[in-house]
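Not measured: the values here are computed from a predicted model.
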Amino acid sequence: MLHYGKSLLTESPKTPYRGRSVTAGVGHDVLVDISVDAVVSYVDRAVDQMTEIVTGLGDDLANRKPALPGANSPYAILRHCLGVMEFWGGEVVAGREVIRDRPAEFRAHGPVADLAAAARKALDQFRADAATADFAGPVRGGAERKKDLFELEFTSQGHALLHVLEEVTQHLGQMELTRDVLRAAAAPG
């Protein structure tokens, strides 16, 4: 467990927020109080759920895009999440050079069995990468790719891991909706 700076929860004055009392100055970029193992367990769960969705849809539906502007197939969504894990866990946290073709992740398609195997392998690698993390430590790689000097994900290795969690949980929700739209469109009548 790690806290940045002073104990903000006990030393900052309370301010109202949407009818609740909250600690002033505490934000998602100020206080980190979570273990690497906790982040990894949530990432595991989200990727496992996405893998179940893709395999449950089968090769045909998993590779379809819903008839919505800018939509992605469930296959591409999961492939993108594996790229997120590889870059942020592998390069930013563990310091390995990662060659990533992000646009290709969204064009990806293929057999779901192969993607499920890739997801298992990617989770194993993410666990190994995360095990090297110094939650408060500076990023070990990838910073030359950041677009904004104050990009939160490059604040520390912990922030990079939390970004992976943010991405996979966000895309799990997207995939659940995508699955429902695809099933409804494919249903007879």
ask   = Is the closest side-chain heavy-atom distance between Val92 and Arg140 below 4.5 Å?
value = no
key: Shortest non-hydrogen separation from Ser156 to Phe135 and the atoms involved   = OG-O, 3.3 Å
query = What's the spacing between Glu166 CD and His171 NE2 if we round to 0.5 Å?
reply = 9.0 Å
task = With sequence neighbours excluded, tell me which residues meet salt bridge (charged side-chain N to carboxylate O under 4.0 Å, His left out) with Asp44.
result = Arg127
task = Check whether any side-chain heavy atom of Val54 lies under 4.5 Å from a side-chain heavy atom of Met175, and answer yes or no.
result = yes
note = Smallest heavy-atom separation, Ala62 atom then Pro74 atom, equals O-CD, 3.3 Å
inquiry  = Are the side chains of Leu123 and Leu82 in contact, using a 4.5 Å heavy-atom criterion?
reply    = no
key: Qualifying side-chain hydrogen bond (donor to acceptor under 3.5 Å, both in side chains) pairs, either residue in residues 83-93, two or more places apart   = Glu86-Arg96, Glu91-Arg145
ask   = For Tyr42 and Thr169, what are the C-alpha separation, side-chain angles and deciding distance, and is it a side chain to side chain contact (heavy atoms under 4.5 Å, CB included)?
value = CA-CA 8 Å; Tyr42 279 97; Thr169 55; 5.6 Å; no
key: Derivation and outcome, side chain to side chain contact (heavy atoms under 4.5 Å, CB included), residues Glu105 and Arg100   = CA-CA 9 Å; Glu105 295 165 10; Arg100 181 180 181 200; 2.7 Å; yes
side-chain hydrogen bond (donor to acceptor under 3.5 Å, both in side chains): pairs with one or both residues in residues 50-66, sequence neighbours excluded = Asp60-Arg64
Gap separating the CG atom of Asp180 from the CD1 atom of Ile53, nearest 0.5 angstrom = 8.0 Å
Residue pair Val84, Phe126: steps toward the side chain to side chain contact (heavy atoms under 4.5 Å, CB included) verdict = CA-CA 10 Å; Val84 167; Phe126 181 71; over 6 Å; no
request  = Can you see which heavy atom on Ala108 is nearest to which on Ala76, and at what distance?
outcome  = O-CB, 4.1 Å
ask   = When rounded to the nearest 0.5 angstrom, what distance separates CE in Met50 from CZ in Arg179?
value = 12.5 Å
query = Taking it one step at a time, do His80 and Phe106 satisfy ring-ring contact (aromatic ring centres under 6.0 Å, His included)?
reply = CA-CA 6 Å; His80 168 64; Phe106 294 102; 4.5 Å; yes
task = Could you tell me the separation between the NE2 atom of His163 and the OG1 atom of Thr155, rounded to the nearest 0.5 Å?
result = 11.5 Å
Val39 side chain reached by Val164 side chain, heavy atoms, under 4.5 Å = no
key: Glu153 side chain reached by Leu162 side chain, heavy atoms, under 4.5 Å   = no
remark   = When every non-hydrogen atom of Ala133 is compared with those of Val36, the smallest separation belongs to CB-CG2, 4.1 Å
inquiry  = Test of understanding: clusters of I, L, V, M, F, W, Y form through side-chain heavy atoms closer than 4.5 Å, transitively. Do Val47 and Val98 belong to the same one?
reply    = no
inquiry  = A side-chain contact here means heavy atoms from C-beta on lying under 4.5 Å apart; do Arg107 and Asp101 qualify?
reply    = yes
ask   = If you group Ile, Leu, Val, Met, Phe, Trp and Tyr by side-chain heavy-atom gaps below 4.5 Å, do Leu78 and Leu165 land in one group?
value = yes
query = Would you call Asn72 and Gln174 a side-chain contact if the rule is heavy atoms closer than 4.5 Å?
reply = yes
request  = Report the distance from atom CG of Leu152 to atom NE2 of His159, rounding to the nearest 0.5 Å.
outcome  = 4.5 Å
ask   = Within a strict 4.5 Å, meaning less than it, do heavy atoms of the Tyr75 and Leu115 side chains meet?
value = yes
key: side chain to side chain contact (heavy atoms under 4.5 Å, CB included) assessment of Val139 paired with Val93   = CA-CA 6 Å; Val139 298; Val93 172; over 6 Å; no
query = What are the two closest heavy atoms between Glu167 and Cys81, and how far apart are they?
reply = O-SG, 4.4 Å
task = For residues Thr178 and Pro66, report the shortest heavy-atom separation together with the two atoms involved.
result = CG2-CG, 3.6 Å
